[in-house]
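Both ligands and their constituent atoms are indexed starting at 1 by order of listing.
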Amino acid sequence: MTSIDRYAVFGCPIKHSKSPRIHQIFAEQTGQVLEYSAQEVPAEQFSSAVATFFANGGKGLNCTVPLKELAWAYADKKTERAQLSKAVNTLALLTDGSILGDNTDGIGLVTDLAANHAITLTGSRILILGAGGASRGIIAPILEQSPQAIVIANRTIDKAVNLAVEFHDKGSITGCGFSDLKNRQFDLLINATSTSLSGQLPPLPEDLLATNGVCYDLAYSNEPTVFVRWGLENQAFKSLDGLGMLVEQAAEAFFIWRGVRPKTRPVIELLNSERKHTYNTLTS
Ligand code: ATR
């Protein structure tokens, strides 16, 4: 008897996760037979929950807040991008029984920007707001695109400076505080702080966005986030949230597990169409 391949997303909270739906659509689209569920796992139960999942025939896991650092520590082997980001959002059972940890968030962001929105990162001036785990996960994949420079601005300045130092051998990257942003302009602003979740906004000078500049919030919501609204109010060429990144990081995980690349645009368009606002429209 062959049992169906099982996958899941672990997180806390997890009730509103769109991942089971996204992976189900990917599976139907590519003719893959699998099951994907969501499981609420608090941090203190992470190790035992993962061990149980794989012991019972699980093939792969996604891990979200607050479990990405724990997943990083759990993995037997890690990809280079996971190693650098010190966080893992995808675990995969390898044929030798060991567990591979990867981080598909950064490549998910880069793919959404470049493939879905035709935004060029090469040669551009990029500002990343925040110096926590979400920022760390996206820096290396962005630097691979050879931007002119990345600036990380953070409330706690030391964290921004130290994070920039960690990546300085991979490209032009510096750290600073929000007050150092006066009279500076950027082509792309990425909000990687956790402020959207609480409806707040870091203090931003009004002239921060260059002409045709783009805003991107790593968070997503059924309503425009405060940062997306800030972009719209400040004449951003596009002001996007992280829904496309969510679908793209899922597609990358699906590829790691199944060796097949699903089509992401129809899924992003479907999830977008279910929202009241149409600010994430893809570039054709
Ligand atoms: P995540 O894993 O989502 O990145 P994190 O590692 O806790 O979460 O990092 C949260 C980020 O949001 C940090 O950069 C944090 O700034 P500090 O390092 O100064 O704490 C930032 N952040 C959270 N609340 C903020 C606020 N009200 N204003 C500005 N930045 C905020």
Side-chain angles (χ1 to χ4, degrees), residues 9-14 16-19 41-43 46 62-75 78 81-91 101-110 112 126-142 150-167 173-182 184 186 188-206 208 215-221 225-231 234 240-243 245-246 249:
V9 57
F10 284 4
C12 193
I14 203 65
H16 298 293
S17 172
K18 294 185 193 294
S19 293
V41 175
F46 179 75
N62 284 135
C63 299
T64 186
V65 179
L67 308 173
K68 291 184 187 180
E69 286 78 13
L70 292 171
W72 184 85
Y74 190 96
K78 288 180 263 286
R81 62 192 181 193
Q83 196 64 268
L84 285 168
S85 59
K86 294 192 179 158
V88 154
N89 73 339
T90 304
L91 292 172
D102 200 353
N103 190 326
T104 65
D105 286 332
I107 190 68
L109 169 67
V110 169
D112 191 39
I126 300 176
L127 173 65
I128 298 177
L129 304 168
S135 304
R136 181 185 288 283
I138 60 172
I139 291 172
I142 294 176
I150 294 182
V151 173
I152 307 169
N154 197 45
R155 180 176 58 183
T156 312
I157 300 174
D158 281 1
K159 279 171 68 179
V161 171
N162 292 338
L163 191 55
V165 167
E166 270 188 60
F167 287 89
I173 180 164
T174 51
C176 66
F178 294 123
S179 61
D180 301 311
L181 297 175
K182 276 190 213 104
R184 301 193 66 173
F186 297 89
L188 173 62
L189 268 53
I190 299 172
N191 182 25
T193 69
S194 48
T195 54
S196 285
L197 306 173
S198 54
Q200 292 170 296
L201 196 65
L204 302 176
E206 277 176 14
L208 197 56
C215 286
Y216 196 107
D217 198 337
L218 299 191
Y220 65 89
S221 160
T225 65
V226 191
F227 183 71
V228 167
R229 288 208 305 270
W230 185 91
N234 285 274
L240 308 165
D241 77 0
L243 187 72
M245 173 179 171
L246 174 79
Q249 65 75 32

Undergrad: Test side chain to side chain donor-acceptor pair (under 3.5 Å) on Asp158 and Thr156 and set out the steps.
TA: CA-CA 6 Å; Asp158 281 1; Thr156 312; over 6 Å; no
Undergrad: May I have the step-by-step check of side-chain contact (heavy atoms from CB on, under 4.5 Å) for Leu70 and Cys63, ending in yes or no?
TA: CA-CA 9 Å; Leu70 292 171; Cys63 299; over 6 Å; no
Undergrad: Answer with side chain, backbone, both or neither: which part of Lys159 has a heavy atom less than 4.0 angstrom from an atom of ligand 1?
TA: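 The answer is the side chain.
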Undergrad: Atoms of ligand 1 less than 4.0 Å from Gly130 heavy atoms?
TA: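 So the answer, numbered in order with elements, is 14 (O).
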Undergrad: For atom 22 (N) of ligand 1, which protein heavy atom lies nearest, and how many Å away is it?
TA: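 Checked against all protein heavy atoms, atom 22 (N) of ligand 1 sits closest to Arg155 NH2, 3.9 Å.
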Undergrad: How far is atom 28 (N) of ligand 1 from its nearest protein heavy atom, and which residue and atom is that?
TA: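 Nearest neighbour among protein heavy atoms for atom 28 (N) of ligand 1, to 0.1 Å: Thr195 CG2, 3.6 Å.
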Undergrad: For atom 17 (P) of ligand 1, grab the closest protein heavy atom and report residue, atom and distance to one decimal in Å.
TA: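 The protein heavy atom lying closest is Thr156 OG1, 3.4 Å.
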Undergrad: For Gly133, counting its heavy atoms only, list the atoms of ligand 1 lying under 4.0 Å from any of them.
TA: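 In order of numbering, the contacting atoms are 1 (P), 2 (O), 4 (O), 6 (O).
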Undergrad: What's the shortest distance from atom 21 (C) of ligand 1 to any protein heavy atom, and which residue and atom give it?
TA: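 Going atom by atom, the protein heavy atom closest to atom 21 (C) of ligand 1 ends up being Thr193 CB, 3.8 Å.
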Undergrad: For Asp217, which residues count as a salt bridge (Lys or Arg N to Asp or Glu O under 4.0 Å) partner, sequence neighbours excluded?
TA: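 None.
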Undergrad: Where is the tightest heavy-atom contact between Ala43 and Leu67, given as atom of each residue plus distance?
TA: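 Reported closest heavy-atom pair: CA-CD2, 3.7 Å.
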Undergrad: To the closest 0.5 Å, what do you measure between CH2 (Trp230) and OG1 (Thr225)?
TA: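 Atom-to-atom, Trp230:CH2 and Thr225:OG1 are 12.0 Å apart.
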Undergrad: Evaluating non-hydrogen atoms only, which member of Ala131, Gly132, Pro66 is closest to atom 5 (P) of ligand 1?
TA: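 Looking at heavy atoms only, Gly132 sits closest to atom 5 (P) of ligand 1.
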Undergrad: Could you tell me if the side chain of Leu109 sits less than 4.5 Å from the side chain of Ile190, heavy atoms only?
TA: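 Ile190 reaches Leu109 side chain to side chain.
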Undergrad: Atoms of ligand 1 less than 4.0 Å from Ala134 heavy atoms?
TA: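 Atoms satisfying the 4.0 Å criterion: 1 (P), 2 (O), 4 (O).
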Undergrad: Under 4.0 Å from ligand 1, counting heavy atoms only, is it the side chain of Asn154, its backbone, both or neither?
TA: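 It is the side chain that touches ligand 1; the backbone stays farther off.
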Undergrad: Determine, stepwise, if the pair Thr64 / Asn89 fulfils side-chain contact (heavy atoms from CB on, under 4.5 Å).
TA: CA-CA 6 Å; Thr64 186; Asn89 73 339; over 6 Å; no
Undergrad: Would you indicate which of Pro203, Ser194, Ser198 comes nearest to atom 11 (C) of ligand 1 when only heavy atoms are counted?
TA: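 Nearest heavy atom to atom 11 (C) of ligand 1 lies in Ser194.
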Undergrad: Where the side chain of Trp72 meets the backbone of Ala82, is there a donor-acceptor pair that is under 3.5 Å apart?
TA: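 Yes, the answer is positive, given that a donor and an acceptor are paired below the 3.5 Å cut-off.
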Undergrad: At a 4.0 Å threshold, what atoms of ligand 1 neighbour a non-hydrogen atom of Gln200?
TA: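 In order of numbering, the contacting atoms are 27 (N).
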